[in-house]
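Have a look at the structure below before the remarks.
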Amino acid sequence: MRIFSGIQPTGRKHLGNYIGAIRQYVEGQDRGEAIYCIVDLHAISVPYEPVELRDHVYDTAAILLAAGLDPDRCILFRQSDVREHTELTWLLSAVTSHGDLNRMTQFKEKSARQRELASAALFFYPVLQVADVLAYRAGDVPVGEDQRQHVELMREIARRFNERFGELLVEPEVRVPEVGARIMDLQEPTAKMSTTGGSEQGTVLVLDEPDVVRKKVMSAVTDSGSDVVRAPDKPGISNLIEILSVVRGVGTQEVEREFAGSGYGDFKRAVADAVVHYVAPVRERYAGLRGDEAGLERTLAAGAERARAIASATVAEVREAMGIGASGS
Ligand code: AMP
Ligand code: TRP
């Protein structure tokens, strides 16, 4: 089984990214051939600083390695190093419906947030994401809930391509975790945790110091009542139950059973302790890795070389099937 996922370059990865996605990337290394990409080309679809972008790629690479990605057991690379992604984006745009792109929830949300320029790149963002995955004919895409619609688009485009040009591409399956696919902001538990839309205090960063993590969890908004149970009218407590369940590796019902009868205070203390222990080792390993930019660059370059070998073979077949370039070139 070939696994592919992509992640935006930023040093501000949060608990939602970790629980929803990064945890699954690490597990993917035991399940199959795992390929992970830091998507710097996606990052230019919103305003950004060129110098920071380069740094953020290293930040993200160091976080992923600190979280347990092992370059001997996966391919980790920077998207822009494998130019086949951009070429395939254009080729696949020929079988992409404009209406489908217009319906993408993330496009609607992100374009509404832009004050100066809602770029065409933001509109084309999903096509690049489709190309990322289809270039590797990956069968499995581990992501958080917010990416489900983009993976459905991959299936649609692969299907349309195969019908028109022959069975060449693979329709990938989405892999969303059963618990923790949508971690909510601790201050506004009806909104997903996010570094762009969420609250500072409600977003636990993987690189936050332990006392900061503790403070953020202890000041999480809870709901009326005092029972530690999951319920639609208890978004704050439900979110903390999901977080503790994942972090401890036990079921949500087990968490509810353990805290039946105890108050919110004790429960939040337990969540805070568990989250501190969960992210602290990543922060510690990160510090050692991030300092060695030359080493990170070598890891990314070696990953890109392996990735390119796969992607270039797919793009060559796609060009041939679509009548692009001289035959057999
Ligand atoms: P990004 O940082 O936007 O590239 O997201 C990286 C991964 O984290 C994607 O697979 C997202 O679906 C996932 N993700 C982002 N926010 C959350 C969240 N609040 N809960 C769970 N997963 C998330
Ligand atoms: N758009 C994804 C996000 O914001 C990142 C991404 C880019 C991705 N390419 C991908 C995810 C390919 C899965 C597969 O999180």
Side-chain angles (χ1 to χ4, degrees), residues 2-26 28 34-46 56-57 59-60 63-64 67 77-80 82 85-86 88-89 92 104-107 109-110 121-122 124-155 157-158 170 172-199 202-206 235 239 242-243 246-247 307 311:
R2 191 175 275 164
I3 300 159
F4 186 102
S5 198
I7 186 164
Q8 299 264 3
T10 148
R12 294 171 55 77
K13 289 296 155 201
H14 54 72
L15 193 60
N17 298 135
Y18 199 81
I19 289 179
I22 298 173
R23 176 174 61 111
Q24 299 200 85
Y25 303 169
V26 177
I35 308 177
Y36 304 117
C37 171
I38 301 171
V39 297
D40 57 343
L41 293 172
H42 278 111
I44 66 171
S45 59
V46 291
H56 288 165
V57 171
D59 295 344
T60 307
I63 290 176
L64 294 173
F77 71 106
R78 169 171 42 210
Q79 186 183 38
S80 61
V82 181
H85 292 229
T86 42
L88 189 58
T89 300
L92 292 178
M104 292 289 126
T105 313
Q106 206 168 59
F107 166 68
E109 285 171 5
K110 284 195 186 175
L122 210 46
F124 243 57
Y125 179 118
V127 193
L128 176 59
Q129 185 168 348
V130 170
D132 288 342
V133 174
L134 299 192
Y136 298 88
R137 297 175 166 114
D140 185 289
V141 184
V143 283
E145 184 61 43
D146 62 353
Q147 296 301 313
R148 191 185 283 277
Q149 195 185 32
H150 287 156
V151 180
E152 270 159 24
L153 183 69
M154 292 167 195
R155 296 177 59 82
I157 292 179
V170 171
E173 307 273 348
V174 71
R175 180 178 289 262
V176 167
E178 252 174 64
V179 179
R182 190 176 166 82
I183 297 296
M184 309 308 271
D185 187 291
L186 300 181
Q187 290 295 317
E188 298 160 38
T190 49
K192 73 173 178 189
M193 190 177 282
S194 146
T195 37
T196 43
S199 71
T203 307
V204 174
L205 301 182
V206 175
N239 190 37
E242 287 216 4
I243 290 172
V246 170
V247 166

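Just so you know, ligand 1 is whichever comes first in the structure, and atom 1 is the first atom listed for that ligand.
Looking from atom 4 (O) of ligand 1 to the surrounding protein, the closest heavy atom is Gln8 N, 2.8 Å. Among all protein heavy atoms, the one lying closest to atom 4 (O) of ligand 2 is Tyr125 OH, 3.1 Å. Nearest protein heavy-atom neighbour of atom 10 (O) of ligand 1: Gly144 N, 3.1 Å. Ranking the protein heavy atoms by distance from atom 20 (N) of ligand 1 puts Ile183 N, 2.8 Å first. For atom 2 (O) of ligand 1, the closest non-hydrogen atom of the protein is Lys13 NZ, 2.6 Å. Of the protein's non-hydrogen atoms, the one nearest atom 22 (N) of ligand 1 is Gly16 O, 3.1 Å. From the protein, the heavy atom lying nearest to atom 15 (C) of ligand 1 is Asn17 ND2, 3.2 Å. For atom 16 (N) of ligand 1, the nearest non-hydrogen atom of the protein is His14 CE1, 3.5 Å. In terms of protein heavy-atom proximity, atom 11 (C) of ligand 1 is closest to Asp146 OD1, 3.3 Å.
Remark: ligand 2 and Ser5 share no N or O pair separated by less than 3.5 Å (distance only, no angle test). At least one N or O atom of Asp132, backbone or side chain, sits closer than 3.5 Å to an N or O atom of ligand 2.
Between Phe107 and His150, the distance separating the two ring centers is not shorter than 6.0 angstrom. Checked against the 6.0 Å centroid criterion, the rings of His42 and Phe124 do not qualify as a close aromatic pair.
The backbone N or O of Thr105 sits less than 3.5 Å from a side-chain atom of Gln149, completing a donor-acceptor pair.
Under 4.0 angstrom from ligand 1, there are no non-hydrogen atoms of Met184.
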